[in-house]
Amino acid sequence: MKFLGQNYLLENSTAKELYQSIASLPIVDAHNHSDLKEILANENWHDIWQLEAASDHYVWELMRKRGIPESKITGSASNKEKWFALAEIFPELAGNPTYEWIHLDLKRQLGIEENISAETANYIWQVSKQKLAKTEFKPQKILKKMQVEVMCTTDDVFSLLKDHQRLHKEINSPQILPTWRTDKIMNIEQPEWLESVEKLARNYQQDVADLTGFLKALQKSHDHFNKLGCVSGDHGIAAPVSYPVTFSQAETVYKSALLGKKLAQSEINDFKSFILIEFGKMNQLTNWVTQLHIGTLRNYRDSLTTKYNLTEGMDISNYQVEIASNLRYFFNYFDNKLPIVIYTMEPAHWFTASTISRAFPNVYLGAAWWYADSPYGMEKQLEQVSTVDLFYNLAGMVTDSRKILSYSSRTEMFRRSLANVVANQVEKGKIPNDVAIDLVSWLSYFGPKKLFFS
């Protein structure tokens, strides 16, 4: 089979037919990490490194694994030096989805068919610079070309969304919406928590000396996001907890944290459980989707944080996270009251998550996330969903991308993987062909559009 050719990932004629039925559907992306300043400025990218790797921690990690010094990854080396360093080891990335994503970008969007290597590095550098200088390769043009219909950024809860306010005035298509991200406010044990609370208080002009004021500031933020079209809260939870916590219990912990006192783990858990319910209540009032991103252990490699002051590119999956018992109170509290999507970084948690989503009609299983966001991971997750919950209750694909071109390549990878999984069930006589066509269309576009954007 030709590398990334017409039949890429498609194992039989049914898979090819199903993929053709969804290949040209618009993209709706409920979770990404867009650089809004880049989109607003709408300036041409200068080179292939800026386009493909300057903000991509997936690339950084793999370069480190192959021995590239940090100076040629996130350091002071020129973009050309960094690209040549990446190209030299790129054949060694074969088998990893990053190898496919970047080649898909080059082939589908830039029309560059050469495979990346030390021998082709200069050619690709020169040709891509010429192409990227053209008007049709400005960010806003690319988004339209890729048929991005709507996309949601992730924005800190204390943000005033000034870039989004500009977007509303200047850009009609695609629709770009904010997402209310609460990690820095929830993680009361982290050093940056107090600074985040102070930013929230300052930006939303609210005294936060007590818990009542803090909740008022959060509500002001929530209202502001809602006015700018926000449709979901994004809540990153390394180790989830939920159980009844009184206001007075939470306020005691909150005031101790404001004073800089060291908190016991039980106090940290009390605050997190209390505030997660409060987030859910706010989301419920506006009918936002509540996205739970569970199980990421961040900044695991100490030397990168201490020596290079990096905060991305060193996160890992944590198997030892209890989901079922620790979130039982939360799911029951919002039973049939709030659309909830569960993303788990650890594939071993998929079965638990899918049985939870089966038990609650308002709970959906999110797409295979982070390191599982690959043809292997997506197909394994899709196969499991069909045996426990329903394909139709999957929340659909999100790109989770920091690069504009990846909205298309990652979506293509998902749709091809989806077509392949469903086609194999058709081939086994488990699903009729006409039902399969409706199913892949629903999961690729119509389902996520209804869940998040209707």
Side-chain angles (χ1 to χ4, degrees), residues 4 6-32 97 100-101 104-105 108-109 143-152 174-175 177 231-232 289 291 339 341 343 354 357 364-369 372-386 389-401 404-427 430-454:
L4 301 180
Q6 182 178 353
N7 297 328
Y8 166 58
L9 297 179
L10 306 176
E11 297 178 358
N12 52 53
S13 59
T14 303
K16 297 171 192 175
E17 177 186 354
L18 291 179
Y19 177 66
Q20 286 306 311
S21 73
I22 58 177
S24 60
L25 287 173
I27 294 172
V28 290
D29 182 9
H31 177 84
N32 63 67
E100 296 163 57
W101 283 328
L104 280 169
D105 291 346
R108 304 291 196 261
Q109 303 303 327
L143 287 170
K144 290 179 181 178
K145 178 187 175 185
M146 295 188 300
Q147 292 186 274
V148 178
E149 183 176 295
V150 58
M151 51 188 278
C152 297
Q175 188 178 19
L177 306 176
V231 296
S232 69
V289 177
Q291 299 184 82
V341 178
Y343 303 90
S354 60
S357 65
Y364 301 78
L365 189 62
W369 180 39
D373 184 10
S374 66
Y376 173 83
M378 290 186 289
E379 291 197 12
K380 291 298 179 185
Q381 190 204 37
L382 288 165
E383 289 167 357
Q384 189 179 104
V385 169
S386 66
D389 197 359
L390 299 172
F391 275 129
Y392 271 74
N393 272 49
L394 191 69
M397 176 62 177
V398 295
T399 69
D400 198 26
S401 181
I404 285 179
L405 290 195
S406 285
Y407 302 163
S408 177
S409 56
R410 293 191 183 190
T411 299
E412 177 182 343
M413 187 180 283
F414 169 77
R415 290 178 179 177
R416 286 178 178 273
S417 297
L418 170 65
N420 207 47
V421 169
V422 176
N424 285 335
Q425 298 207 13
V426 173
E427 293 288 315
K430 297 176 67 177
I431 300 177
N433 196 67
D434 58 337
V435 171
I437 290 175
D438 290 342
L439 193 158
V440 295
S441 297
W442 177 264
L443 276 183
S444 296
Y445 174 69
F446 297 101
K449 183 175 182 178
K450 180 179 180 181
L451 173 61
F452 286 97
F453 306 114
S454 65

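Fair warning: this is a prediction, and the values are worked out from it, not measured in the lab. Because only heavy atoms are used, hydrogens play no part in the values below, and waters and symmetry mates are left out as well, while side chains stay in.
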Test side chain to side chain donor-acceptor pair (under 3.5 Å) applied to [X] - qualifying residues, sequence neighbours left out:
{"X": "Glu11", "answer": "Asn420"}
{"X": "Asn433", "answer": "Glu17"}
{"X": "Trp101", "answer": "none"}
{"X": "Thr411", "answer": "none"}

If the condition is side-chain contact (heavy atoms from CB on, under 4.5 Å), which residues does [X] pass it with, not counting sequence neighbours?
{"X": "Gln175", "value": "Val150, Leu177"}
{"X": "Ala372", "value": "Pro347, Trp350, Ala368"}
{"X": "Ala423", "value": "Asn12, Thr14, Ala15, Leu18"}

Seminar exercise, completed: Contacts satisfying ring pair (Phe, Tyr, Trp, His ring centres under 6.0 Å) that involve residues 8-31 (not counting sequence neighbours) are His31-His33, His31-His293

For this session: For residues 415-427, pull every pair meeting salt bridge (charged side-chain N to carboxylate O under 4.0 Å, His left out), keeping only residues two or more places apart or in separate chains.
Result: Glu412-Arg416

For this session: Any pair with a residue in residues 430-451 that passes salt bridge (charged side-chain N to carboxylate O under 4.0 Å, His left out), sequence neighbours left out, goes on the list, sorted by first then second residue, please.
Result: Glu149-Lys449

Problem set entry | All ring pair (Phe, Tyr, Trp, His ring centres under 6.0 Å) counterparts of Phe446, not counting sequence neighbours | none

Problem set entry | Thr399 backbone acceptor or donor facing Asn32 side chain under 3.5 Å | no

Problem set entry | Residues that Arg410 engages under salt bridge (charged side-chain N to carboxylate O under 4.0 Å, His left out), provided they are two or more places apart | Asp373

Exercise. What are the two closest non-hydrogen atoms of Ser374 and Met413, and how far apart are they?
Worked result: CA-SD, 4.2 Å

For this session: Provide the closest heavy-atom pair for Ser408 versus Gln109 in the form atom of the first, atom of the second, distance.
Result: OG-NE2, 3.3 Å

